There are 2 protein chains.
Amino acid sequence: MGRDKLGAATAPGQLRPAGVKSYQQNAGHGMVTMEDVARLAGVSKMTVSNVVNNRDGVGDLVRQRVLEAIRRSGYRVNVSARTLRSGRTGVIGLAVPDIELPYFGHLAAHVIEAAGRQGFHVAIEQTGAAAAGEADAIAHSRTLHFDGLILSAVELDRLDEHPAEAGYPLVMLGEQDFGGRFDHVAMPNEEGTKAATTHLADRGCRRIAIVTGRASDDVNMVTRRHRGYLAALAERGIGIDPALLFSLDDASMEAGREAACRLVDSGHEIDGVVAVTDTVALGVLRGLADRGLRVPEDVRLIGFDDIPESGFTVPSLSTVAPDHRWMAERAVELVAQRIRAPLRPTVQYIAPFELMIRESTR
Amino acid sequence: MGRDKLGAATAPGQLRPAGVKSYQQNAGHGMVTMEDVARLAGVSKMTVSNVVNNRDGVGDLVRQRVLEAIRRSGYRVNVSARTLRSGRTGVIGLAVPDIELPYFGHLAAHVIEAAGRQGFHVAIEQTGAAAAGEADAIAHSRTLHFDGLILSAVELDRLDEHPAEAGYPLVMLGEQDFGGRFDHVAMPNEEGTKAATTHLADRGCRRIAIVTGRASDDVNMVTRRHRGYLAALAERGIGIDPALLFSLDDASMEAGREAACRLVDSGHEIDGVVAVTDTVALGVLRGLADRGLRVPEDVRLIGFDDIPESGFTVPSLSTVAPDHRWMAERAVELVAQRIRAPLRPTVQYIAPFELMIRESTR
DNA sequence: ATCGATCCATTTATCGATAAAGTGAGCCAA
DNA sequence: TTGGCTCACTTTATCGATAAATGGATCGAT
C-alpha cells in the first residue's frame, strides 16, 4: 500500500495536467464518465471499472479513493456503453398479454421484486394475448437487448416456427407447455381445477358448469383445466353434461358476466360454477347477481388465481391459489441461470397451490 | 439512376473482397451489424444508418438495395450502440407506486399504448408509494438512460431537494402538484370529489363520511379531495362532523375494509361514504357487508377512478371516472415534447371526468 | 468555361465502458 | 543471482452506431 508511484500531478483529488482536448472530448451530454472519476481519484478508468463492478485486484486504499471520487462526482454508469461492450443489459423482459388484468399485474409485481433482488431490471411488454404479439415480444426483446425474457404465453403454440428464439434465454411462465423445449414454470392447471371441482362436489353440487377460455389446442391452459374438471367429475361419479361446458373468447370480466347470463338463461339447472380465472369469476358473480341468483345459496362459485380482489368481493370468492411469489422467483431464477449457462438442460416446474375457501362455496 | 460507379466487386448481394480481418472483427455475439448489411448491399454503413433512420439523402435505388439487405440478413439495430452515440434510448420510464393496484395497471396499459404510437418503449418502476422510492425512480431513470420519466407521484413533495431532476424531461401524472415547476397531468381531485359528494347529497344523504389517505401536506391528492368534499357539503348546507372524516395509512382494499368496520363500530350514524379511490371503495363495500349494512339501501357509496372492477362488483360501484386514456396520452405527449424541446414552459392539465352512476348510489 | 448549389454517398472521429493483454515492482525458491 | 509468480494497476483495442465533415458528380446560370 501507500505506493508513491503516483506523482504529485496525479495525487487523489487533483486533476491530471491533461491537455484541453481531453476535456472537450467528453463534453457530451454533461454526464460524469469513468474518465472523470479516474482523473479525480488519480487512477486509470479501468481501475474505476473494476471498483464499480466489485472485481478484485484493486487495493483497499485505492478502492476507497475511487469510491470517494464516485460519491463526490455523482457518477452513474452508462448502461448503454456497458451493454455495447459487454453484451449484457441487466434487463429482463416480461411479456404479458395485458398488464391491466389483475392477475398479470400481480405477477409482474412479484417478478419485478424477485428480479431486483438478483440485480436485474424488468421491462414489460404487452402482447395482447395474440400469438403475433407474443412472437413480437421475443423479437423486441432481442432488439432491446434484454438479457432474457420471461414470456407469459397464452396463444403462442408453435414457437418453433419463430427462429428468433434459438439459443436465447427464454422462460415460459404460466400457461403454455412446449414439451420440455424451454424452461417452464407452469400453473397447476389440471391439479388445481380438479381440486376446485372436487371441492364443489364435496359441498354437494351435482350440476357443475365450467367456464373456460377458447380451447385452441391440446396443450394449453384451457384444455388442461378442462381435464382437471372432467377428472374430478369422473372421480365423484358425476355425469358430464355438454350443456354445462362454456367457453369464452377472452378471459375478461365482461365475458364472464355474459357467460353467466347465458348459462342461466339457457334454463339448464346449475348449482356450481368453476371459472377459468378469478377475473372471469368476478364477471360470473356479477352475471349471477344480474339474474337474481344468490351465491352460495343457489349456486356455488370457485375461481383460479387468487387475485387480491377475490378476498373482497361480496360474497368473497373461493379460488385455487397458486403461489405466485414462488412462480415469479423460480422464473427469475431460471432466466438468471440460463443467462449465465445457456446450455443447461431445461427445467419444468409446476407451482404449488392451495384452495382458498371463502364465502362463495360455503 | 443506374450509376456504374460501383464496380463488380461491390455489386449488390456480393461480398466486397475485404480482408479476413474485417470478418473477425465483429464476430462478437453472433449479431448482424450495420457493417454486415453495408457489405451485403455494397454501400457504406453510414448509408445503412441513413436508411434505417429514414433520413433523406439516399437515392431510391440504393435505399431499396439496403432494405433488401436488411430483410435478408435479419438485421436489428443495436439499441445500446445507438444510445451511446446519440444519447437517446427510445425508452420512457413510468414510475408508479404499485403496478399491482388496478388503477396503476389500468393507467400503465394506456401509457404503454400511447407511447408505442409515438415510437417509445416503456419501462415500469415501482416506487412503493414512498418518497424515497420516487426519488430513486428518478435516479434510476437517469442511470438507465430513459429519455424521460412519467412519475405518478404520491408522496414526493419536496422534489427540489433532489438535484437529480434538473433539466430532465419529467412529467408528473396524477396526484401531486408542484406549483407549475413540472409538466403535470392532474386528476380532477377537487372537482371530482365535490361532484361525487354532491351526488350523494342529492340522493338524500345527510351523514356523509369520507375515507381518505393520510393527509401529509396541503398540495397532495388527499387534501384536494378533502376540499372537494367540504365544498360540496357547504354548498348543500350540510354540517361537517369530524367523526365522519377517516384517514388511512395506505389506499388498499384492506385499509378500506377496516375503515368501514371501524366507522360502523364507532356507532356514528352514516348514510353515505365517499372513498378516496375505487380500490379503497372495494374494501369499504366489503367492510359494510361484514357489518351487515346494505348498499345502497342503508349506505350509499361512491369511489374515484373507475377501475374496470367497479362495474362488476355487487352492487356495482358508482365512481368518478377521469378519462385515463386522455391522461396517458397527454402525459406521453408532454414527455415527448419535452424530450425534443427541453426548455418549453411547463404545462398543467386537469383531466376531464364524468360521474359513473351505478347501483351503489341508486 | 467557371462557379455555386444540390445530391448522394463516404470518411472520420467519437460516445463510455470493458475484455484481454501488458507492465513493473516485490517476493520466494533454487 | 536469476527465473518464475503474484499483485495491483495501466494500456490497447474494440463493442455498433451516428454527427459532422468531406468528396465527387451533375446541372443551371452567368
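In what follows, chains carry the letters A, B, and so on, assigned in the order in which the sequence lines appear, proteins first and then strands, with residues in each chain numbered from 1. This one's a predicted model, so the numbers in the text were calculated from it and none came from an experiment.
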**Complete:** Contacts of B:Gln64 meeting side-chain contact (heavy atoms from CB on, under 4.5 Å) (sequence neighbours excluded), chain-then-number -> B:Leu67
**Complete:** B:Gln64 CD to C:dC8 P, in whole Å, measures 14 Å
**Fill in**
Sorted by chain and residue number, the side-chain contact (heavy atoms from CB on, under 4.5 Å) partners of B:Arg117 (sequence neighbours excluded) come out as B:Glu113, B:Ala114, B:Glu329
**Asked** Would you say B:Thr47 reaches C:dC8's phosphate, i.e. side-chain N/O to OP1/OP2 under 4.0 Å?
**Response** no
**Request:** Check the distance between D:dA17's P and A:Asn78's CG and give it to me in whole angstrom.
**Result:** 16 Å
**Prompt:** Taking side chain as C-beta onward, heavy atoms only, is B:Phe146 less than 4.5 Å from B:Glu125?
**Reply:** yes
**Request:** Quick one: list whatever passes salt bridge (Lys or Arg N to Asp or Glu O under 4.0 Å) with A:Arg63, sequence neighbours left out.
**Result:** none
**Request:** Taking only the side-chain heavy atoms of A:Val58 (C-beta and beyond), determine which of D:dG16, C:dA17, D:dC9 contains the nearest atom.
**Result:** D:dC9
**Item:** Protein-nucleotide distance (A:Glu35, atom CD; D:dT10, atom P), rounded to Å
**Value:** 12 Å
**Asked** Rounded to the Å, how far apart are A:Arg63 CZ and D:dC9 P?
**Response** 9 Å
**Asked** For B:Thr33 and D:dG16, is the shortest distance between a side-chain N/O and OP1 or OP2 below 4.0 Å?
**Response** no
**Prompt:** Separation of A:Asp56 atom CG from D:dT6 atom P, in whole Å?
**Reply:** 14 Å
Please produce a list of atom pairs where a protein N or O lies less than 3.5 Å from an N or O of nucleotides 18-21 of chain D.
from	atom 1	to	atom 2	distance (Å)
D:dT18	OP1	B:Asn53	ND2	3.3
D:dT18	OP1	B:Arg82	NE	2.8
D:dT18	OP1	B:Arg82	NH2	3.4
D:dT18	OP2	B:Ser49	OG	2.6
D:dT18	OP2	B:Asn53	ND2	3.4
D:dT18	O2	B:Arg85	NH1	3.3
D:dA19	OP2	B:Arg55	NH1	3.0

**Message:** If the condition is side-chain contact (heavy atoms from CB on, under 4.5 Å), which residues does A:Ser73 pass it with, not counting sequence neighbours?
**Reply:** A:Val32, A:Val37, A:Leu40, A:Tyr75
**Request:** Only counting residues at least two apart or in another chain, list the ones meeting side-chain contact (heavy atoms from CB on, under 4.5 Å) with B:Ile92.
**Result:** B:Phe120, B:Ile150, B:Val335
